[in-house]
Amino acid sequence: MPELPEVEVTRLSLSGRIQGARITGARLGKPLRWPLGCDTRNLVGRRISDVSRRGKYLWFELRGPDDAEAGGLLVHLGMSGSLNFAEQPSQPGPWDHFDLLTTRGLLRLTDPRRFGAVVWSASRDEGAAAKLLAGLGVEPFDPAFDARMLHEALRMRRVAVKQALLAGDIVVGVGNIYASEALFRAGIDPRTPGKRVSLARCARLVDAVRDVLQLALAAGGSTLRDFRNAHGMNGAFQHQALVYDREGLPCTRCGAALRRIVQGQRSTYFCAHCQRR
DNA sequence: ATGGGTACCTGTCTGC
DNA sequence: TGCAGACAGGTACCCA
């Protein structure tokens, strides 16, 4: 699922309601991608002081009774995960694999495929969290993400620019939907080797990545199947996609049939007429 | 350092 | 109706 817009929509729909809540209990369902890394009883009594995002990860900052730093939970939604917040607790379903009972309500991770994870870490900058966050690229809305930086980062890459965008070590948060969408808007053939993308085209790509993510954010993300925000609402950006999942349909710009190819075992959608190497 | 492939797991859809 | 196969928003890890 969830690329940056979906994760950020989750954070925004959650943070105001859960900030300050005290944890009164926790429940684990089936195993997720990694073990929690602490006894669930250790979480009880801690307070959620903040929810932040890095790439596609969410970080729930925890405080102890004396307001001292008390670690946190790093959450990833994987391919099919979503977080839901409900004031009234309910019985877990077969896909509900992590519950955090709080004084404000129930925070629940639903994840049919279980590629998601909830990992405890003593801090965001050390231990398990730091290890997972290490090597992530720059945030797409960080001013450091600019044409010169992208051009420099792509200079040594022979892989296709689509795969370089997806890798997450140059810029974070651009997943399979938004990589195709951004490349279409920038007019760049997704098969172009990274090192062949000119500085001028890097500038267009930076803008396109930001535009697409911003539009998706405003639409509440994309819901292909599983994604819901913390209030259970679908995203709507999938209806605004210009190329993703539109194989054979006419390009909105030139009318040519859109194509689907496979790059690194992932589908890529593009217009072979509008997007050039 | 880069890049290719595999693995994790479950649900849904398509075609025979 | 049944069943096999393809495919789905991600990413760590292993081996060239």
Side-chain angles (χ1 to χ4, degrees), chain A residues 1-11 29-35 37 53-58 74-83 93-98 109-119 128-137 140 152-182 191 193-196 209 212-213 215-217 219-229 234-241 243-248 260-269:
Chain A
M1 83 120 283
E3 307 181 33
L4 183 144
E6 291 75 27
V7 178
E8 183 64 9
V9 162
T10 299
R11 190 186 75 78
K30 284 189 180 181
L32 292 164
R33 179 161 191 176
W34 299 295
R53 181 191 57 74
R54 176 75 176 98
K56 300 172 191 169
Y57 288 91
L58 289 171
L74 192 68
V75 176
H76 198 289
L77 300 176
M79 288 279 265
S80 59
S82 61
L83 282 171
W95 301 332
D96 298 331
H97 303 302
F98 182 76
L109 174 67
T110 303
D111 185 1
R113 290 178 74 180
R114 290 191 282 128
F115 286 172
V118 181
V119 176
K131 191 177 174 194
L132 288 167
L133 298 177
L136 292 188
E152 183 62 27
L154 288 174
R155 205 167 56 90
M156 303 301 286
R157 309 256 181 142
R158 274 174 294 180
V159 279
V161 59
K162 155 80 167 5
Q163 288 170 271
L165 271 185
L166 268 188
D169 54 349
I170 299 175
V171 60
V172 293
V174 183
N176 205 40
I177 296 178
Y178 303 120
S180 281
E181 292 298 312
R191 299 165 294 186
K195 52 163 56 172
R196 293 276 178 66
V209 164
V212 153
L213 295 180
L215 284 170
L217 211 41
S222 296
T223 299
L224 300 188
R225 169 165 293 152
D226 302 291
F227 176 69
R228 308 283 184 280
N229 71 16
N234 290 359
F237 182 80
Q238 68 278 9
H239 305 304
Q240 296 175 47
V243 290
Y244 185 82
D245 201 22
R246 297 178 60 81
E247 182 183 15
R260 172 185 176 272
I261 58 173
V262 175
Q263 296 179 286
Q265 282 99 286
R266 314 291 305 276
S267 291
T268 301
Y269 299 87

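Only this structure's heavy atoms are used, side chains among them; waters, hydrogens and symmetry mates stay out. A note on names: the letters A, B, ... follow the listed sequences, proteins ahead of strands, and every chain is numbered from 1.
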Looking at residues at least two apart in the chain, or sitting in another chain, which of them share a ring-ring contact (aromatic ring centres under 6.0 Å, His included) with [X]?
X	value
A:Phe98	none
A:His76	A:Tyr57
A:Phe115	none

So what does A:Thr223 hit on the nucleic acid, given a heavy-atom distance under 4.0 Å: a base, only sugar-phosphate, or nothing?
base
Remember a base hit wins even if backbone is also touched, and classify A:Arg114 as base, sugar-phosphate or nothing at under 4.0 Å, heavy atoms.
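Counting heavy atoms under 4.0 Å across all strands, the contact made by A:Arg114 is with sugar-phosphate only.
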For A:Pro31 and for A:Gln265, find the nucleotide of DNA chain B with the closest heavy atom, then tell me which residue's nucleotide is more 5'.
A:Gln265
Who are the side chain to side chain donor-acceptor pair (under 3.5 Å) partners of [X], not counting sequence neighbours?
X	answer
A:Asn234	A:Arg228
A:Thr110	A:Asp96
A:Arg266	none

Would you mind reading off the distance between [X] atom [atom1] and [N] atom [atom2], rounded to a whole angstrom?
X	N	atom1	atom2	answer
A:Leu74	C:dG10	CG	C1'	14 Å
A:Tyr269	C:dG9	OH	C1'	12 Å
A:Asn176	C:dA8	CG	P	7 Å
A:Asp111	C:dG9	CG	C1'	11 Å
A:Met79	C:dG9	CE	C1'	6 Å
A:Asp169	C:dT11	CG	P	11 Å

Go through the structure and list residues passing salt bridge (Lys or Arg N to Asp or Glu O under 4.0 Å) with A:Glu152, not counting sequence neighbours.
A:Arg155
Taken in chain and number order and not counting sequence neighbours, the residues that satisfy side-chain contact (heavy atoms from CB on, under 4.5 Å) with A:Ala128 are A:Val119, A:Ser121
side-chain contact (heavy atoms from CB on, under 4.5 Å) partners for A:Val75, two or more places apart
A:Leu58, A:Phe60, A:Leu77, A:Leu83, A:Val118
As a check on the pairing definition, encode DNA chain B in dot-bracket form, counting Watson-Crick and G-U wobble pairs whose two distances are under 3.5 Å, and using | for partners outside this strand.
.|||||||.|||||||
Between the protein and nucleotides 12-16 of chain C, list every N/O to N/O distance that falls short of 3.5 Å.
| residue | atom | partner | partner atom | Å |
| --- | --- | --- | --- | --- |
| C:dA12 | OP1 | A:Tyr57 | OH | 2.8 |
| C:dA12 | O4' | A:Arg33 | NH2 | 3.0 |

Strictly distance-based, threshold 3.5 Å: is any side-chain N or O of A:Glu181 a donor or acceptor partner for the main-chain N or O of A:Val243?
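A pair under 3.5 Å: yes.
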Leading and trailing nucleotides of DNA chain B with any atom under 4.0 Å from heavy atoms of chain A
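Range of nucleotides within reach of chain A: B:dG3 to B:dT12.
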Indicate, yes or no, whether a donor-acceptor pair under 3.5 Å links the base of C:dA8 to the side chain of A:Arg266.
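No, the side chain and the base share no sub-3.5 Å donor-acceptor pair.
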Which value, in whole Å, describes the distance between the C1' atoms of nucleotides B:dG4 and C:dG9?
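Each nucleotide's C1' atom is 22 Å from the other's.
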Within the stacking criterion (centroid distance below 5.5 Å, interplanar angle below 30°), does A:Phe115 stack on C:dG10?
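Per 5.5 Å and 30° rule: yes, stacked.
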Establish, with yes or no, whether the OP1 or OP2 oxygen of C:dG10 is under 4.0 angstrom from a side-chain nitrogen or oxygen of A:His76.
no
